[in-house]
Amino acid sequence: GKLGRYPPWPGKIVNPPKDLKKPRGKKCFFVKFFGTEDHAWIKVEQLKPYHPHKEEMIKINKGKRFQQAVDAVEEFLRKTKGKDQASSHNSTEDKNRRNSSEERGKQSAGEEKRKASLSEGKVKKGTGEGKKRVSSVSSERGSKSPLKRAQDQSPRKRGRPPKDEKDLTIPESSTVKRVMTGTVAGFKWPPSVSEPVKDSDPHFHHFLLSQTEKPAVCYQAITKKLKVCEEETGSTSIQAADSTAVNGSITPTDKKIGFLGLGLMGSGIVSNLLKMGHTVTVWNRTAEKCDLFIQEGARLGRTPAEVVSTCDITFACVSDPKAAKDLVLGPSGVLQGIRPGKCYVDMSTVDADTVTELAQVIVSRGGRFLEAPVSGNQQLSNDGMLVILAAGDRGLYEDCSSCFQAMGKTSFFLGEVGNAAKMMLIVNMVQGSFMATIAEGLTLAQVTGQSQQTLLDILNQGQLASIFLDQKCQNILQGNFKPDFYLKYIQKDLRLAIALGDSVNHPTPMAAAANEVYKRAKALDQSDNDMSAVYRAYIH
């Protein structure tokens with residue numbers, strides 16, 4: 001379900017503090033909200049015209065604080081108009097053309113006055129170091145003090161500034177300032193809530209599956225660390241209320257963490273767990289991969305069984321169903337270390353039958369089981385920006401809160417074991433099919449005498465524009481197929497997704513066609529290259 005949303009809120013773009021760097025990802029601005037004095041980093045595409053949305057905002061908002069904010073923005077407009085009437089008038093008329101060719105010569109995007117609004121969205125966080133909250137946004141629903149939002153979808157964070165965004169700094173002294181209204185993503189709180197909610201990592205979002213539609217309600221969970229809020233949409237969100245220090249950084253769990261499997265994904269996950277202060281014991285089939293993490297402070301486990309027996313929560317991230325089963329059921333495997341209360345979290349992308357079987361044997365020994373496959377790639381893993389799909393033991397999901405915040409930007413709890421496996425296969429089926437389509441288009445352009453670069457430029461200007469599209473096309477244009485997501489693994493996921501369709505007699509013709517192309521790429525010795533190397537299956 002979707003997160004509940006605050007109504008639109010007026011604000012203006014200001015110059016950020018000198019020591020505050022922009023978040024990584026798409027272009028964004030530092031916004032000061034009228035009437036609250038709160039600040040946030042907001043992405044460019046989330047800015048919309050102020051005046052056309054003014055009446056709509058007033059209809060939605062009846063609160064006293066909102067009226068004060070509107071009064072403040074109108075006063076600001078009057079003052080600005082007095083100082084620079086021509087500029088103000090021009091920006092009012094042209095507010096929807098912020099990326100048009102009418103922007104003045106050397107004037108940066110930050111120097112053109114715009115009136116805009118921000119809607120729900122996420123700004124990418126940096127590498128996970130120095131997580132710091134710039135501000136909090138006020139709750140209008142009966143709260144007298146600002147509601148600090150763990151689930152704020154316009155997160156603010158210290159991080160490396162994108163190289164191409166230097167021109168976005170807005171001069172404080174400029175008389176041409178921007179006024180905008182913002183729809184701030186967050187929670188809907190009942191009027192009875194009058195105390196601010198403690199913050200968790202402001203860049204991390206939990207979603208939990210709820211089968212019934214209920215009005216917004218907030219209650220204290222069994223564990224003190226978590227607060228659960230059910231949205232009107234029926235989706236439940238967990239907030240790790242006490243898991244964050246005052247400066248917005250993650251407070252690591254005091255539980256001992258084990259991690260099995262240091263591949264493309266596992267390596268980045270372990271690195272981020274260590275960076276955030278977790279106690280981690282590692283194991284890998286080829287032991288030399290552990291050396292780097294031992295230097296970073298990890299402990300070495302000799303066998304999976306030893307890791308599980310010495311740790312409270314053990315994560316595993318391996319290649320496929322066979323590897324996942326062998327890890328649990330094989331000699332000196334996970335199962336041998338399971339005792340009542342031991343926790344096992346399998347992050348491998350496997351089929352629902354495999355994960356259900358593993359859950360049964362773990363639970364039969366008194367263990368607790370959670371499946372938590374991740375959507376992402378090596379770069380996102382390194383950056384702590386994975387999307388985690390979890391299912392199984394709800395309490396264990398909550399216990400993993402600080403770990404999931406360290407390794408990811410979002411987690412979803414999807415109910416019973418098997419649901420996350422199915423969802424993950426569907427996600428990767430879509431991604432794999434799209435990658436094959438991209439390769440097909442680029443090769444068709446080439447053989448028909450069209451510029452591949454121009455095709456990419458056109459796609460990047462259209463609705464298909466995405467980081468994935470751009471990165472994969474760049475890989476192909478540069479002939480750089482260094483693995484970010486192994487081709488052999490996306491083919492495995494397509495195969496398992498097709499089998500999932502077979503199990504319920506649902507047609508998957510697109511995935512089946514894409515699967516054949518990846519199989520040809522594997523026959524051309526592309527298994528250990530990036531999935532974008534599927535391009536080579538199309539070269540005559």
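The shortest side-chain heavy-atom distance between V318 and L260 does not fall under the 4.5 Å cut-off. At a threshold of 4.5 Å between non-hydrogen side-chain atoms, the residues Y486 and L264 count as touching. Between C317 and F259 there is a side-chain heavy-atom pair separated by less than 4.5 Å. No side-chain heavy atom of F481 sits under 4.5 Å from any side-chain heavy atom of L487. Using a 4.5 Å heavy-atom threshold, the side chains of E357 and L329 count as touching. Residues Q491 and K522 have side chains in contact (heavy-atom distance under 4.5 Å, counting atoms from C-beta outward). L500 places a side-chain heavy atom less than 4.5 Å from the side chain of K422. Annotation: side chain of M435 is not in contact with side chain of I490 (no heavy-atom distance under 4.5 Å).
A pairwise comparison of heavy atoms in V307 and G258 identifies CG1-CA, 3.7 Å as the closest pair. Between A421 and V350, the shortest heavy-atom distance links the atoms CB-O, 3.4 Å. Across every non-hydrogen atom of P304 and V334, the tightest pair is CB-N, 4.0 Å. Minimum interatomic distance between A406 and H278 (heavy atoms only, all atoms of both residues): CB-CE1, 4.0 Å. Between T253 and S402, the shortest heavy-atom contact is N-OG, 3.0 Å. In terms of heavy-atom proximity, C400 sits nearest to I313 at SG-CG2, 4.1 Å.
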Next on the checklist: side-chain contact (heavy atoms from CB on, under 4.5 Å) for V280 and F293? Distances and angles first, verdict last.
Outcome noted: CA-CA 9 Å; V280 185; F293 302 102; over 6 Å; no
Checklist entry - After noting the C-alpha distance and the side-chain angles of T354 and K325, does the key distance pass the side-chain contact (heavy atoms from CB on, under 4.5 Å) rule? => result CA-CA 7 Å; T354 295; K325 286 182 182 178; 3.7 Å; yes
Checklist entry - Between M347 and I269, is a side-chain contact (heavy atoms from CB on, under 4.5 Å) present by the stated rule, with each step listed? => result CA-CA 11 Å; M347 307 189 79; I269 292 171; 4.2 Å; yes
Item to check | Chi angles and distances behind the side-chain contact (heavy atoms from CB on, under 4.5 Å) call for F413, L370 | outcome: CA-CA 10 Å; F413 185 83; L370 187 75; 4.0 Å; yes
Next on the checklist: Run K488 and D528 through salt bridge (charged side-chain N to carboxylate O under 4.0 Å, His left out) and show every step you take.
Outcome noted: CA-CA 7 Å; K488 61 185 176 185; D528 292 325; 2.7 Å; yes
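Residues Q405 and S401 bring a donor and an acceptor atom of their side chains to less than 3.5 Å of each other. Looking only at atom types and distance, the side chain of S411 has a donor-acceptor partner in the side chain of Y397 under 3.5 Å away.
Taking CD1 of I388 as the reference point, atom CE of M424 lies at 11.5 Å (rounded to 0.5 Å). S348 contributes atom OG, which lies 7.5 Å from atom CG of L327 (distance to the nearest 0.5 angstrom). The distance from the CG atom of L494 to the OH atom of Y518 is 6.5 Å, given to the nearest 0.5 Å. Separation of atoms NZ (K275) and CG (L273) is listed at 11.0 Å; rounding is to 0.5 Å. Atoms CG and CG, on L425 and L496 in that order, are 5.5 Å from each other to the nearest 0.5 Å. The distance from atom CG of D312 to atom CD1 of I257, rounded to the nearest 0.5 Å, is 7.0 Å.
Although no hydrogens or angles enter the test, the distance criterion places no donor-acceptor pair under 3.5 Å between the side chain of S381 and the main chain of N377. Side-chain atoms of S433 never come within 3.5 Å of backbone atoms of A514 as a donor-acceptor pair (strictly under, hydrogens ignored). Between the side chain of D351 and the backbone N or O of P321, no donor-acceptor pair lies under 3.5 Å. Side-chain atoms of Q336 never come within 3.5 Å of backbone atoms of A305 as a donor-acceptor pair (strictly under, hydrogens ignored). D530 places a side-chain N or O within 3.5 Å of a backbone atom of F485 that can act as its donor or acceptor partner. Side chain of N515 to backbone of A511: no donor-acceptor contact under 3.5 angstrom is found. Side-chain N or O atoms of N428 include none that pairs as donor or acceptor with a backbone N or O of D493 at under 3.5 Å. Looking only at distances, a side-chain donor or acceptor of S364 sits under 3.5 Å from a matching main-chain atom of V361.
Remark: K256 NZ is loosely packed, at most 12 non-hydrogen atoms of other residues, nucleotides or ligands lying under 6.0 Å away. Counting non-hydrogen atoms of neighbouring residues, nucleotides and ligands closer than 6.0 angstrom, the CD atom of E416 reaches no more than 12 such neighbours.
When each of M407, M385, M265, K409 is checked for a side chain to side chain contact (heavy atoms under 4.5 Å, CB included) with L380, only M385 meets the rule.
Relative orientation of the Y344 and F369 rings is tilted, given thresholds of 30° and 60° on the angle between their planes.
Salt bridge absent: K492 and D320 never bring a charged side-chain N and a carboxylate O closer than 4.0 Å.
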